[in-house]
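Only one structure is covered here, and it is reproduced in the block below.
Here the structure is a predicted model, which is why all the values come from computation and not from measurement. Each chain gets a letter, A, B and so on, in the order its sequence line appears, and its residues count up from 1.
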Protein chains: 2
Amino acid sequence: MAESFDCNLATPAQKREFEEKALGELKARGYRMTMTRLQVIRALGETHRALSPYEIHDRIVQAGGRIDVVSVYRILATLEETGLAHHVASVNGYIPCRASKAHGFQQRLVCRRCGCVTEVALPQTCLETLEGGAESLGFQVETARLELIGLCGHCVGAS
Amino acid sequence: MAESFDCNLATPAQKREFEEKALGELKARGYRMTMTRLQVIRALGETHRALSPYEIHDRIVQAGGRIDVVSVYRILATLEETGLAHHVASVNGYIPCRASKAHGFQQRLVCRRCGCVTEVALPQTCLETLEGGAESLGFQVETARLELIGLCGHCVGAS
DNA sequence: CTCGCTGCAAAAAATTTGCACATTG
DNA sequence: CAATGTGCAAATTTTTTGCAGCGAG
């Protein structure tokens, strides 16, 4: 029998780590820690899937919490600005940024089957190639949004 | 005095090329060539900026054309499916795909100042690095959405 | 106690759907 | 002529805004 694994369920440790990181970062930036923000942070942290504002709202409500969708939007904006969450275009949702200090660019591996998103640092060589290529066209790179779509390790075998 | 250059204005040749490519591809796929589609194709082809469905609609109307926004949506869906247009997430708009036959992945250089988007093929080495890295995590890459955001050659100097 | 944050109400914008009519090949 | 494609009307969904009241520090 196959090991039970849910691409969408983060481990308690991962969840806790993100929560601590987020709380610390928000405090450091002078934001207030509120129940509403904590709920969004927890909703983001407990999964590996990208969640839309409405999904986040629904999850919180279903878990017995209470929050308005408008607040979810505003909190997501704050989290993005702070680098604590990233928007994933190919699935139109937000994921928690679990990377330590965002050195260099991050690439996101998006599974088109289970929807999980994994963030990985962009290899230095690759970064140089990309920046070099752009530079040769006179383009100066500042940020990147790199998404690789395919099948994650757990879905490659399955089905 | 500076050379007059408009990042947003494609040359007549570029415009013509894309139009021909699009017409050929659509015909090859069995789609009918209609005035409505032609209008969208021309609107896309005449600029280097990513255009939203409404922008496309407005441009067509302002040029004396006639089309419903709903049709713009449907036609964009067709063009994307056909690989004739790509959605650019960082600016939320569509660009014409001018690449010949889409060998390998394309990266998009998005200027945050003038909004122009340039498509460039991803260097082979880079592609291999990315795929290799993903593979080592058990992830099998199928497609990519690579956007580099920064300043284009014309905007680096300016301002 | 003060300023930031949230909920509520509502508007605005973006996207989708159904169906009758027009148009292409 | 037979699909295919389009416009129109309308519903849905998503996102934004203003403001009064609550709550964190």
Side-chain angles (χ1 to χ4, degrees), chain A residues 19 22-44 49-82 84-95, chain B residues 19 22-44 49-82 84-95:
Chain A
E19 187 174 321
L23 297 192
E25 184 66 21
L26 287 182
K27 181 180 293 183
R29 298 235 190 178
Y31 287 103
R32 292 185 180 170
M33 185 39 50
T34 65
M35 197 47 204
T36 330
R37 282 185 177 144
L38 187 55
Q39 288 180 116
V40 173
I41 289 168
R42 287 187 172 154
L44 279 177
R49 285 191 45 235
L51 303 177
S52 74
Y54 273 89
E55 282 177 312
I56 293 175
H57 172 263
D58 293 349
R59 286 189 176 218
I60 292 175
V61 171
Q62 280 174 31
R66 165 186 166 65
I67 192 177
D68 192 284
V69 196
V70 179
S71 296
V72 176
Y73 273 93
R74 294 192 269 227
I75 291 171
L76 283 174
T78 301
L79 294 180
E80 262 212 306
E81 199 182 286
T82 321
L84 288 168
H86 295 307
H87 182 251
V88 182
S90 47
V91 288
N92 190 38
Y94 294 82
I95 56 170
Chain B
E19 187 174 322
L23 297 191
E25 185 66 21
L26 287 182
K27 181 180 294 182
R29 298 237 190 179
Y31 287 104
R32 292 184 180 170
M33 185 38 51
T34 65
M35 198 47 206
T36 330
R37 282 182 178 148
L38 188 55
Q39 287 179 116
V40 172
I41 289 168
R42 286 187 172 153
L44 279 176
R49 283 192 45 235
L51 303 177
S52 73
Y54 273 89
E55 282 176 313
I56 293 174
H57 171 264
D58 293 349
R59 286 190 176 217
I60 292 175
V61 170
Q62 281 175 30
R66 167 186 164 67
I67 193 176
D68 191 284
V69 196
V70 178
S71 296
V72 177
Y73 273 94
R74 293 194 269 228
I75 291 171
L76 283 175
T78 301
L79 294 180
E80 262 212 306
E81 198 182 285
T82 321
L84 288 166
H86 295 307
H87 182 252
V88 182
S90 48
V91 288
N92 189 38
Y94 293 82
I95 57 169

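- In this structure, the nucleotide among C:dT15, C:dC19, C:dC5 sitting nearest to the side chain of A:Thr34 is C:dC5.
- In this structure, B:Ile75 places its CD1 atom 15 Å from P of C:dT23, rounding to the nearest Å.
- In terms of heavy atoms, B:Arg49 sits closest to B:Arg59 at NH1-NH2, 3.7 Å.
- In terms of heavy-atom proximity, B:Ser52 sits nearest to B:Asn92 at CB-O, 4.1 Å.
- Distance, B:Leu76 CG to C:dT15 C1': 12 Å, rounded to whole Å.
- Here CG of A:Leu26 is found 5.0 Å from CD1 of A:Ile41. Values are rounded to the nearest 0.5 Å.
- Counting atom types as modelled, A:Arg74 pairs no side-chain N or O with a base atom of C:dG4 as donor and acceptor under 3.5 Å.
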Q. What's the verdict on side-chain contact (heavy atoms from CB on, under 4.5 Å) for B:Lys27 and B:Met33, showing C-alpha distance, side-chain angles and the deciding distance?
A. CA-CA 7 Å; B:Lys27 181 180 294 182; B:Met33 185 38 51; over 6 Å; no
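- Taking atom CE of B:Met35 as the reference point, atom P of C:dG25 lies 13 Å away to the nearest angstrom.
- The stretch residues 25-32 of chain A comes close to DNA chain D through A:Arg32, each having a heavy atom under 4.0 Å from the strand.
- Across A:Val72 and A:Pro53, no two heavy atoms sit closer than the pair CG1-O, 3.5 Å.
- As rounded to whole Å, 12 Å separates atom C1' of C:dT15 from atom CG of A:Asn92.
- For DNA chain D, the span of nucleotides reached by chain B at under 4.0 Å from its heavy atoms goes, 5' to 3', from D:dA3 to D:dA9.
- When all heavy atoms of B:Thr36 and B:Ser71 are compared, the closest pair comes out as CG2-CB, 4.2 Å.
- Within residues 50-71 of chain B, the residues approached by DNA chain D to less than 4.0 Å at the level of any non-hydrogen atom are B:Arg66, B:Ile67, B:Asp68, B:Val70, B:Ser71, in residue-number order.
- In summary, of the residues considered (B:Glu81, B:Glu25, B:Arg37), a side chain to side chain donor-acceptor pair (under 3.5 Å) with B:Tyr31 occurs for B:Glu81 alone.
- Within the 4.5 Å cutoff, the side chain of A:Tyr94 has no heavy atoms near those of the A:Leu79 side chain.
- Note: OH (A:Tyr73) to C1' (C:dA12) measures 13 Å, nearest angstrom.
- Evaluated for a side-chain contact (heavy atoms from CB on, under 4.5 Å) with B:Ile56, the options B:Ile75, B:Val40, B:Val69 yield exactly one hit, B:Val40.
- Of the possible polar contacts, none joining the B:Arg42 side chain to the B:Ile60 backbone as a donor-acceptor pair under 3.5 Å is found.
- Between A:Ala50 and A:Val91, the shortest heavy-atom distance links the atoms CB-CG2, 3.6 Å.
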